[in-house]
Amino acid sequence: MKTHTVVMIPGDGIGPEVTTATRKVLEAAGAPVRFIERHAGIAALDRGTDDLLPAATVDAIRQHGVALKGPCTTPIGKGFSSINVALRKKLNLYAAVRPVRSLAGVKTRFQDVDLVIIRENTEGLYSGVENQITDGVIVSMKVATRVACHRLTHWGFRYATHRRRQKISLFHKANIMKMSDGLMLDEARKVHEHDYPNIEYEEVIIDAGMMKLVQDPTKFDIIMCENLYGDIISDLCAGLVGGLGVTPGANIGDEDAVFEAVHGSAPDIAGNNLANPLAMIMSATMMLNHIADRRQDLTCRQASERIKTAYNLALEDGQKTRDLGGELGTKEFTQAVIERL
Ligand code: NAI
């Protein structure tokens, strides 16, 4: 049986807890992966490097093509820039994919949500270009390029086709940001018309779109958007299906892919066995499917399916962490999943 090398980045805060849990579940499921550990963020500084994103970490991902990453802390309003944003840019991981699905064992207002957010991951207001023009006047630059808008929208329509999804809703604010958001609309329209006319396509002004989402998320299939909107919509959608503890994600480029949960490093609960590891476990199942697709390895898909069945069974049996109204800690929930494999 072939074994795939995956770069494991534990990250900061709850990162080491949820990545350790995920590793245990993958091992117990017999997933054909071998982890090599590399570091990023404050965890990298703690290990004596003077670089928040060491070249050894980026090089390892380039070499092996796949990473599973815990969250990295970014200071608010001051300090260093986001390591997460830097990594996505460095590796050109231009498409963030975040499936949002209701889970049978997790009761929320809506029980049949099944949508996917596809977020542009390399530009927009995350260009990080901010200038003080004069005292008390700051300008933040929102960057949109035709190249990035084209590759994202093309990727999104192709994904929709492969996954047999019916409809793409492009969330935008091109009534105000006529040029930058307008460019994304322009590219999406062209890609839709020329290459994917069979996928239904609609344009939704984001403010009204957010209202429609909370009123009835089942009306949406794929939501595509630029970087900042995607960040905000992701957390809102997480709230529709049980919270940040149950929403996985992937950052995909033409060469490499980094899988990570939507949530951050949750410093308020870090180190206390309180984190829900499920979002990271789910991200790992996405990773296994990605390896299965790219390297035609059925055993990865089988391991992914076993893990999904096990965590669904655990939830249906009422085995839940506190964020979902249960009593279990990170380790106990992980054990409950392993017992059901
Ligand atoms: P957060 O996602 O870390 O936490 C928001 C709330 O959700 C907190 O109350 C937290 O306890 C809870 N939460 C998050 N994940 C959970 C889990 N797995 N189980 C149970 N509860 C969970 O967002 P916040 O507080 O805005 O950011 C904290 C730090 O994380 C910041 O430094 C931020 O920059 C960073 N961050 C990193 C990300 C990444 O590495 N991809 C993504 C988002 C934020």
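Just so you know, ligand 1 is whichever comes first in the structure, and atom 1 is the first atom listed for that ligand. Because the structure is a prediction, the values reported are computed rather than measured.
Evaluated for a side chain to side chain donor-acceptor pair (under 3.5 Å) with Glu226, the options Lys173, His172, Lys142 yield exactly one hit, Lys142.
Counting only non-hydrogen atoms, the option in Ala266, Gly11, Gly264 that gets closest to atom 36 (N) of ligand 1 is Gly264. With atom 19 (N) of ligand 1 as the reference point, the heavy atom nearest to it among Leu87, Thr73, Asn276 is part of Asn276.
Residue contacts with ligand 1 for Lys69 involve side-chain atoms from C-beta outward but no N, CA, C or O (heavy atoms, distance under 4.0 Å). For Pro267, every heavy-atom contact with ligand 1 shorter than 4.0 Å involves the side chain, none the backbone. Looking at Ile14 against ligand 1, only its side chain comes within 4.0 Å, counting heavy atoms. Here Glu260 has side-chain heavy atoms under 4.0 Å from ligand 1, and that is the only part of it that gets that close. At a heavy-atom cutoff of 4.0 Å, ligand 1 is contacted by the side chain of Leu244 but not by its backbone.
Every atom of ligand 1 is numbered from 1 in the order shown, and the set under 4.0 Å from a heavy atom of Arg88 is 41 (N). Counting atoms of ligand 1 from 1 in the listed order, those under 4.0 Å from a heavy atom of Ala275 are 19 (N).
Heavy-atom distances between Val262 and ligand 1 reach below 4.0 Å in at least one pair. Within the structure, ligand 1 lacks Ala279 among the residues with a heavy atom less than 4.0 angstrom away. The shortest heavy-atom distance from Glu17 to ligand 1 is not under 4.0 Å. Between Val18 and ligand 1 there is no heavy-atom distance shorter than 4.0 Å.
In this model, no donor atom of one side chain and acceptor atom of the other lie less than 3.5 Å apart for Glu17 and Asn272.
Using cut-offs of 30° and 60° for the angle between ring planes, the Phe220 and Phe171 rings count as perpendicular.
A salt bridge does not link Arg322 to Glu327: none of the charged side-chain nitrogens sits closer than 4.0 Å to a carboxylate oxygen.
Considering every non-hydrogen atom in both Thr330 and Leu274, the closest pair reads OG1-N, 3.5 Å.
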Using a 3.5 Å cut-off and no angle test, enumerate the donor-acceptor pairs between side-chain atoms of residues 64-81 and protein atoms at least two apart in sequence or in another chain.
from, atom 1, to, atom 2, distance (Å)
Lys69, NZ, Asn84, OD1, 2.7
Lys69, NZ, Glu260, OE1, 2.7
Thr73, OG1, Ser265, OG, 2.7

Exercise answer: donor-acceptor pairs, residues 128-137 side-chain atoms, under 3.5 Å, sequence neighbours excluded:
from, atom 1, to, atom 2, distance (Å)
Glu130, OE2, Ser140, OG, 2.6

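Between His154 and Tyr196, a ring centre-to-centre spacing shorter than 6.0 Å is recorded.
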